[in-house]
Amino acid sequence: MTTVHWAPAKKLKGSVRPPADKSISHRAAILGAMAAEPVRVRNYLHAEDTTSTLKAVQALGALVTIEGDLVTIRGTGLRNAQVPDSPIDVGNAGTLMRLLPGWLAGQEGNAYTLDGDSSIRRRPVDRIAEPLRAMGATIDATDDRLPPFTVTGAHLKAITYDLPVASAQVKSCVLLAGMLADGATTVVEPAPSRDHTERMLAAAGVTVHRNGLHVTVTNVDELVLDDLTVPGDPSSAAFLIAAGVLVGGSRVKVVGSGTNWTRTGFHRIVERMGGIIIGELEDAPGDGVVGTEPIGDLEVAHGPLTGTTVTPDEVPLAIDELPLVALLGCFAEGETIVTGAHELRLKESDRIATVVDGLNALGGDLEATEDGFVVRGTGGLKGGTIHSHGDHRLAMLGAIAGLASDDGVTVEGMEAAEVSYPAFAEDIGSLIGG
Ligand code: S3P
């Protein structure tokens, strides 16, 4: 385990290109493996989670070559995934665990077992088992809801599925299975969630249509993807933004980050709290599906913060950034309230418990609720020690808290950042010295 002390920073200055988008990289590798022709992916994320995805698709028969910035995936085609000799190891990657079964469910008669690390083994898969069973596949899970689990493929039939919670992972799983099912498959979302799968499918010429909260995909014979370039990850960039907003006198530029509206809920929350974000480009949501990902640069400056209320509809648009909203809330005047975020309990750690306990140990005043938290802003944080619980976002949260704190923060388990942001310490270092 790596322990790192993050001392208070004077002011942060400089420009950082955040690492490649994790969600989009997972999708590029999986769709690449499903494709009939080789797919070239530029700026693929080389981090633990997305390396698990490359290994998984290799185990299924895809050929992967890495040359500098370019990853080339030679897929097996839609209906020819091989059966590996041993279980597919998803490591810590929930997105891999929930998306891949959508493809595997359509491999008639083949059985695939998926397993992962101790954190993955407490993350539910019943949410994907339910729609995949309705489409005709067989799913055998531990205690009927947990990994390890086995997917046995079948000739799938199309369904209309009402998502019980807004989850891009479950939506994507059903859409992938939908491409292999007879007829048109529709997913109905309770609220919009990230739409990277829809965009990538649209770019591949698949008929995928959005009408309000309904997303429909139709059966295809083969998938042919154009070459892809992965934008910077707004969820990783969010740590840089929070640092710039919290540390007095800072001016931080974030270059080449994705600005897809379904990922930038955090920007809107930060601005509402009084943080300064300049030059942000966003695409607006609408019916139909646009096959590309928007990208932009933004600049962040320190500003006095006030508390805010994050509504349930905003939650899916900022789900991975809510720990940072809690941190900003500690530095704000007044209360910051998050509701409708029960999903946080099912992430790499129970993020309601780990964030509330972690920030309270640093001098914050937070209260956990069943589906969120209440932060009473005290204008700052004293500092202390926080444990990552093996959760990458908690490790990086501790680091940013340290930069903005009075006494600094020691993070135990800092290596967890490797899951999504291997160059995190280097990038923060460049801003401190900037
Ligand atoms: C993701 C969707 C979200 C998010 C996760 C990545 C994705 O999960 O928390 O980090 O790539 O689709 P849910 O779909 O379960 O909300």
Side-chain angles (χ1 to χ4, degrees), residues 19-31 44-45 47-50 52-53 90-103 116 119-120 122-131 145 147 161 163-176 187 189-201 215 230-231 233-239 258 260 262-266 293 312-325 338 340-352 354-355 371-372 391-394 396-397 416-417 419-421:
D21 193 291
K22 182 157 82 70
S23 286
I24 297 174
S25 295
H26 282 305
R27 284 157 173 81
I30 295 171
L31 291 181
Y44 186 88
L45 174 67
E48 282 177 3
D49 256 21
T50 42
S52 295
T53 304
V90 304
N92 190 250
T95 303
L96 171 59
M97 172 174 77
R98 304 237 178 73
L99 263 61
L100 198 60
W103 179 31
S119 154
I120 269 293
R122 52 164 282 281
R123 301 187 66 187
V125 291
D126 46 351
R127 50 184 55 203
I128 55 161
E130 186 183 290
R145 58 183 295 271
Y161 188 63
L163 280 181
V165 287
S167 163
Q169 293 179 352
V170 181
K171 171 178 63 176
S172 301
C173 174
V174 177
L175 293 177
L176 296 188
V187 179
E189 300 192 88
S193 63
R194 67 189 71 188
D195 63 357
H196 304 308
T197 304
E198 296 92 302
R199 285 175 188 256
M200 216 179 272
L201 291 179
V215 186
V230 180
D233 195 323
S235 299
S236 299
F239 292 98
N260 179 327
T262 62
R263 292 292 298 284
T264 49
F266 179 65
E293 291 286 350
D313 267 13
E314 288 184 288
V315 164
L317 309 173
I319 183 74
D320 295 332
E321 293 71 70
L322 293 177
L324 285 168
V325 173
V338 173
H342 182 267
E343 282 295 295
L344 285 180
R345 294 204 179 270
L346 304 172
K347 296 297 176 191
E348 286 82 333
S349 65
D350 171 348
R351 285 191 184 148
I352 293 182
T354 53
V355 168
D371 66 347
D391 182 338
H392 55 132
R393 301 208 193 279
L394 206 67
M396 294 185 279
L397 177 78
V419 158
S420 60
Y421 198 160

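Note that ligands are numbered from 1 as they come in the structure, with each ligand's atoms numbered from 1 the same way. Nothing fancy with the numbering, it's 1 onward along the sequence.
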One finds that the ligand 1 atoms under 4.0 Å from a non-hydrogen atom of D320 are 4 (C), 5 (C), 9 (O), 10 (O)
So that I can tick it off, tell me whether R127 and E343 are bridged by a salt bridge, with the cut-off set at under 4.0 angstrom between side-chain N and carboxylate O. yes
Tell me the contacting part of K347 for ligand 1: side chain, backbone, both, or neither, using a 4.0 Å heavy-atom threshold, strictly below. side chain
Which atoms from ligand 1 have a heavy atom of I319 less than 4.0 Å away? 9 (O)
One finds that the ligand 1 atoms under 4.0 Å from a non-hydrogen atom of S23 are 6 (C), 7 (C), 11 (O)
Nitrogen or oxygen atoms of K22 and ligand 1 under 3.5 Å apart: no
Only counting residues at least two apart or in another chain, list the ones meeting salt bridge (Lys or Arg N to Asp or Glu O under 4.0 Å) with E314. R272
T95 heavy atoms within 4.0 Å reach ligand 1 at atoms 1 (C), 6 (C), 7 (C), 11 (O)
Report yes if some N/O of L99 lies less than 3.5 Å from some N/O of ligand 1; otherwise report no. no
R27 and ligand 1 - part of the residue with a heavy-atom distance under 4.0 Å: side chain
Give a yes-or-no answer on whether the side chains of K22 and T95 include a donor-acceptor pair shorter than 3.5 Å. no
Could you work out, with side-chain contact (heavy atoms from CB on, under 4.5 Å) as the rule, every residue matching P190, not counting sequence neighbours? L163, A166
Backbone of E321 reached by a side-chain donor or acceptor of R393 within 3.5 Å: no
Under 3.5 Å side-chain donor-acceptor pair for H392 and S420: yes
Record the part of H196 in heavy-atom contact with ligand 1 below 4.0 Å; permitted values are side chain, backbone, both and neither. neither
What heavy-atom pair brings I128 and R98 nearest, and what distance separates the two atoms? CG2-O, 3.7 Å
